[in-house]
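Proteins come first, then strands; the chains are lettered A, B, ... in the order of their sequence lines, and each starts at number 1.
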Number of protein chains: 2
Amino acid sequence: MITKKAKYGLKAMFYLAQTDALTYISIQEISNKEHIPKRFLEHILADLKKSHLLKSKIGTHGGYRLALSPDKISIGEIIRTLDGLLEPESCLKQEGAEICEDCQHVAQCNVKNILNHLLTTTEYVLNNTSLVDANKKSLTSM
Amino acid sequence: MITKKAKYGLKAMFYLAQTDALTYISIQEISNKEHIPKRFLEHILADLKKSHLLKSKIGTHGGYRLALSPDKISIGEIIRTLDGLLEPESCLKQEGAEICEDCQHVAQCNVKNILNHLLTTTEYVLNNTSLVDANKKSLTSM
DNA sequence: ATCTTATCTATAGTAATGATAGATTTTTAA
DNA sequence: TTAAAAATCTATCATTACTATAGATAAGAT
């Protein structure tokens, strides 16, 4: 399950992807159009800016816009930014050979093996789907 | 992320899969060998029994054993039993055409489209990997 | 009988999630 | 230069989900 934070973030990003790429859109507008709590959306967009997926402008006619062209922004980056790592289990973190509390023998850990495989697959799907790809019918046959 | 409940459940299932399929193993033994809190494990195994993945026997020399041969038990069934649906978002539930609170136009919902694709992929991986498959090297090239 | 072990029901602590609030700063435009 | 618009910063709170423990009971083996 992705969190509501990621879901709201995705909706906001899709909304921005639909608009003229150079226009700044206010939090208020996104909140209204996509039915996302405004004060919550503030944090979400701020996080996406920190990850360099959005640019912002303060003041009248300010707001947010995509930092990159929509086809260069992957769904994976958005979810990773808002929900953290895509790993299905904490012991899969980058450190690699690291041993987690309860599984002593990393190499032979069945749980780790299967979850690692799931992670690879999930990353493949999410990293290779951009804001533009996501609404294509071809997605079903990817 | 899968929860600790699912992780513990997977470890317990792998442990049982390693043993003689007809022998009942006590919660105590699994708890000791796999370092899983015993009272927590009780609930987990009870759930897996309700889902007909385990059989149990009360009393001396009692315990749990797999209800099916290990190659007939998928990782997906185990996780689904313990963590609920595999869906990455609640609006993807079986009801299909159902409309979720915030997304009015289901058919054109980009978020739903992409998450639905992720679900399909996740289900494919987890439903087609059994307790026996999970430790095979071939998994990496699946 | 007694010990072993699962089963049932309840509950409690903790962490993560979802959401709101106030005060501040920057920018635009009148 | 002033007022409005909008993001930014920091804090906090409510709720839910997760993790775990506990007591009492029932069933089976020796």
Side-chain angles (χ1 to χ4, degrees), chain A residues 1-12 16 23-51 53-67 79 81-85 87-90 100-102, chain B residues 1-12 16 23-32 34-51 53-67 79 81-85 87-91 100-102:
Chain A
M1 286 277 283
I2 64 167
T3 65
K4 287 210 172 187
K5 192 175 181 186
K7 184 182 179 183
Y8 290 157
L10 285 170
K11 293 181 78 169
L16 291 174
T23 310
Y24 287 92
I25 310 284
S26 72
I27 294 175
Q28 187 66 64
E29 175 177 338
I30 303 171
S31 165
N32 289 339
K33 293 290 178 58
E34 296 292 334
H35 311 99
I36 302 170
K38 190 191 165 200
R39 295 310 295 266
F40 195 18
L41 186 56
E42 281 181 27
H43 296 289
I44 294 168
L45 299 183
D47 286 349
L48 291 167
K49 186 193 171 185
K50 271 186 210 144
S51 297
L53 298 176
L54 292 178
K55 286 187 175 175
S56 67
K57 194 177 153 192
I58 294 182
T60 309
H61 302 133
Y64 286 91
R65 71 173 178 83
L66 300 186
I79 297 181
T81 294
L82 299 172
D83 279 359
L85 299 162
E87 278 76 6
E89 219 287 315
S90 57
C100 61
E101 333 94 72
D102 29 36
Chain B
M1 287 277 285
I2 65 167
T3 64
K4 286 210 173 187
K5 192 175 181 187
K7 185 183 179 182
Y8 291 157
L10 286 171
K11 292 180 79 168
L16 292 173
T23 310
Y24 287 91
I25 310 284
S26 72
I27 294 174
Q28 187 66 63
E29 176 178 340
I30 303 171
S31 166
N32 289 341
E34 296 293 333
H35 310 100
I36 302 170
K38 190 191 165 198
R39 295 309 294 265
F40 195 18
L41 186 56
E42 282 180 27
H43 295 290
I44 294 168
L45 299 182
D47 287 349
L48 290 167
K49 186 193 171 184
K50 270 187 209 144
S51 297
L53 297 177
L54 291 178
K55 285 188 176 176
S56 68
K57 194 177 152 193
I58 294 183
T60 309
H61 303 133
Y64 286 92
R65 71 172 179 85
L66 299 186
I79 297 182
T81 294
L82 299 173
D83 279 0
L85 300 163
E87 278 77 4
E89 220 286 317
S90 57
C91 69
C100 60
E101 332 94 73
D102 29 36

Between B/I36 and B/A12, the two heavy atoms sitting closest are CD1-N, 4.5 Å
Heavy-atom nearest pair, A/K55 first then A/Y24, reads O-CE2, 3.8 Å
Under-4.0 Å side-chain N/O to phosphate OP1/OP2 contact, [X] with [N]:
{"X": "A/K49", "N": "D/dT8", "result": "yes"}
{"X": "A/Y8", "N": "C/dT17", "result": "no"}
{"X": "A/Y24", "N": "D/dA7", "result": "no"}

Is there side-chain contact between [X] and [Y], with at least one heavy-atom pair below 4.5 Å?
{"X": "B/L82", "Y": "B/I2", "value": "no"}
{"X": "B/L53", "Y": "B/K49", "value": "no"}
{"X": "A/I27", "Y": "A/K38", "value": "yes"}
{"X": "A/Y8", "Y": "A/P37", "value": "yes"}

The side chain of [X] is closest to which nucleotide in this list: [options]?
{"X": "B/T60", "options": "D/dA7, D/dG28, D/dA20", "value": "D/dG28"}
{"X": "A/S56", "options": "D/dT8, C/dG18, C/dT27", "value": "D/dT8"}
{"X": "A/K4", "options": "D/dT8, C/dT7, C/dG18", "value": "C/dG18"}
{"X": "A/H43", "options": "D/dT10, D/dA7, C/dG18", "value": "D/dT10"}
{"X": "B/I58", "options": "D/dT8, D/dA20, D/dA26", "value": "D/dA26"}
{"X": "B/S26", "options": "D/dA4, C/dT17, C/dT5", "value": "C/dT5"}

Using atom [atom1] of [X] as one end and atom [atom2] of [N] as the other, report the distance to the nearest whole Å.
{"X": "A/K11", "N": "C/dG18", "atom1": "NZ", "atom2": "C1'", "value": "15 Å"}
{"X": "A/K38", "N": "C/dG18", "atom1": "NZ", "atom2": "C1'", "value": "18 Å"}
{"X": "A/L82", "N": "C/dG18", "atom1": "CG", "atom2": "P", "value": "11 Å"}
{"X": "A/L41", "N": "C/dA19", "atom1": "CG", "atom2": "P", "value": "11 Å"}
{"X": "A/D47", "N": "C/dT17", "atom1": "CG", "atom2": "P", "value": "13 Å"}
{"X": "B/F40", "N": "D/dA17", "atom1": "CZ", "atom2": "C1'", "value": "11 Å"}
{"X": "A/N32", "N": "D/dA6", "atom1": "CG", "atom2": "C1'", "value": "14 Å"}
{"X": "B/I2", "N": "D/dC18", "atom1": "CD1", "atom2": "C1'", "value": "13 Å"}

Check: Can a donor-acceptor pair under 3.5 Å be found between the side-chain atoms of A/R39 and the base atoms of C/dA21?
Finding: yes
The residue, B/K57 or A/E42, whose nearest nucleotide of DNA chain D is more 5′ is A/E42
The residue, A/H61 or A/K5, whose nearest nucleotide of DNA chain C is more 5′ is A/K5
Next on the checklist: By the 4.0 Å heavy-atom rule, please label A/L45 as base, sugar-phosphate, or nothing.
Outcome noted: nothing
